[in-house]
Amino acid sequence: MKAIQVDRTGGPEVLLFKDVPIPEPGPNEVLVKIDAIGLNYIDTYHRTGLYPLDLPFIPGLEAAGTVAALGTDATDFRPGDLVAYAGVPGSYAEFVAAPQERLVRLPDGVDAAAGAAAMLQGMTSHYLVHSTCNVLEGDTVLIHAAAGGVGLTLVQMAKMRGARVIGTVSTEEKAQLARGAGADEIIRYTEQDFEAEVSRLTDGRGVHVVYDSVGKTTWEKSMNCLSPRGYLVLFGNASGPVPPVDPLLLSRLGSIFLTRPTLVDYTATREELLLRADDVLGWIQTGKLSLRIDRTLPLSDAREAHRLLEGRLTTGKVLLIP
Ligand code: NDP
């Protein structure tokens, strides 16, 4: 089968389009013929080695497709089922052998493209507003990179919780998309001082939660945007990793909380995975949640996809088609 393989870490050029053997499903695994692959920022951290993986590896954690074969104990699925998943390595490929406990069946009306676009970023936004913090009606939240893949779903889900949403973005086009997703206020953080703007927009009170996936260039000011006992949710490092933080800083800034969550810990059991996936896919099915698919590229163009994502040139989801 065709797949992207990384033999050494580095820039987009280390993504090699190769012929590799089709994986054999283990007893509890399902062989999925992939129709659409979800591109995620974490794929770039794996490629550069920021999050180290054993070499060589096939990148990618998210896809949707059709069940092609079953391991001897994989009795929950049938050949031909349309399934999707997040968190299964080796997804930049025509086939993947996925543990059956990570798979969900796509409901009627949700196709493979929507499934591959929804699972990782959708379930991330779900746990961020329901579980990392329980965002409540009337809370004010700050969401960085509000027109990104996670950003656009996070804005919508924070609005579903009844929050007032302040979003940051780098361009006017992104500002319009974030507003379209429901953001009440937008700050162009590449031109305006977002800390000063948040203070102005909240009459100096600050926000209850900052969702910060940008990291290096934003984390410090993000902390200063919080009201006492607020939450800094650092969940990514698009601009680079955050340095160590002195706990005394958290007390000086008003007994604030700092957390660094990952999706894997918020979908640790089959029950929790299904609860989040059912909500997200159900909202797509009924139109309560909109997905923005920015573009769809052939898998052989994975290098270009990574360049666009790291160059801040995408809005919403990018899909790769094997
Ligand atoms: P995005 O589509 O959000 O792309 C990243 C965005 O970050 C860019 O479009 C850009 O928006 C912004 N950004 C700010 N500074 C930089 C920079 N120096 N270089 C590149 N981008 C920058 O990606 P995803 O939706 O895939 O992921 C968003 C973040 O969420 C990532 O950090 C990812 O790791 C994290 N994440 C974390 C998860 C978890 O469970 N912890 C799960 C899923 C994602 P703008 O131009 O508007 O500034």
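We count ligands from 1, going down the list as the structure has it; atoms in each ligand are counted the same way.
Note on ligand 1: A147 sits outside its first shell, no heavy atom being nearer than 4.0 Å. Within the structure, the closest approach of Y266 to ligand 1 does not fall below 4.0 Å when heavy atoms are considered. Within the structure, the closest approach of T262 to ligand 1 falls below 4.0 Å when heavy atoms are considered.
The main-chain N or O of S170 is found under 3.5 Å from a side-chain atom of T190 such that the two form a donor-acceptor pair.
The aromatic rings of H46 and F57 stand perpendicular to each other, their planes meeting at an angle above 60°, with 30° marking the opposite boundary. Between Y231 and F257, the two ring planes are parallel [angle under 30°; tilted spans 30° to 60°].
In terms of protein heavy-atom proximity, atom 3 (O) of ligand 1 is nearest to G148 CA, 3.4 Å. At the top of the distance list for atom 2 (O) of ligand 1, counting protein heavy atoms only, stands G149 N, 2.9 Å. Closest to atom 44 (C) of ligand 1, if we only count protein heavy atoms, is V150 CG2, 3.7 Å. Atom 21 (N) of ligand 1 has its closest protein heavy atom at R312 CG, 3.4 Å. When only non-hydrogen protein atoms are considered, atom 9 (O) of ligand 1 lies nearest to K174 NZ, 3.4 Å. The shortest contact between atom 26 (O) of ligand 1 and any protein heavy atom is with Y41 N, 3.0 Å. Here the heavy atom of the protein found nearest to atom 36 (N) of ligand 1 is F235 O, 3.6 Å. For atom 47 (O) of ligand 1, the closest non-hydrogen atom of the protein is S170 N, 3.1 Å.
At a 4.0 Å heavy-atom cut-off, ligand 1 touches L263 through backbone and side chain alike. With a 4.0 Å heavy-atom cut-off, ligand 1 is reached by the side chain of T124 but not by its N, CA, C or O. Within the 4.0 Å heavy-atom criterion, neither part of V264 lies near ligand 1. Contact annotation for Q121 and ligand 1: only side-chain heavy atoms (C-beta onward) come within less than 4.0 Å of the ligand.
In terms of polar-atom proximity, defined here as any N/O pair under 3.5 Å, P261 does make such a contact with ligand 1. An N or O contact shorter than 3.5 Å is missing between T168 and ligand 1 by distance. Looking at N40 next to ligand 1, no N or O pair under 3.5 Å apart turns up.
Short contacts between ligand 1 and L120, defined as distances under 4.0 Å to a heavy atom of the residue, involve ligand atoms 42 (C), 43 (C). Near V214, meaning under 4.0 Å from one of its heavy atoms, ligand 1 places the atoms 14 (C), 15 (N). Within the listing of ligand 1, atoms 39 (C), 40 (O), 41 (N) sit less than 4.0 angstrom from a heavy atom of Y127. Residue N237 has at least one heavy-atom neighbour below 4.0 Å for each of these atoms of ligand 1: 32 (O).
Residues L232 and T259 fail the side-chain proximity criterion, which asks for heavy atoms closer than 4.5 Å. Residues L31 and I22 meet the side-chain proximity criterion, which asks for heavy atoms closer than 4.5 Å. Between E272 and Y127, every side-chain heavy-atom pair lies at or beyond the 4.5 Å cut-off. Contact annotation: the side chain of Y92 approaches that of L299 to within less than 4.5 Å [non-hydrogen atoms, C-beta and beyond]. When side chains are defined from C-beta on, L106 does not count as touching V83, because their heavy atoms never get closer than 4.5 Å.
When the side chains of ILVMFWY residues are joined at heavy-atom separations under 4.5 Å, either directly or via intervening members, L120 and Y41 end up in a single hydrophobic cluster.
A salt bridge is absent between R161 and D139; no separation between the charged side-chain nitrogens and carboxylate oxygens falls under 4.0 Å. Note on K317 versus E62: salt bridge recorded, some NZ/NE/NH1/NH2 to OD/OE distance being below 4.0 Å.
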- Task: Evaluate side chain to side chain donor-acceptor pair (under 3.5 Å) for T315 paired with R292, printing each intermediate quantity in order.
- Result: CA-CA 8 Å; T315 53; R292 176 180 162 80; 3.0 Å; yes
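Rounding to the nearest 0.5 Å places CG of L250 at 14.5 Å from CZ of R229.
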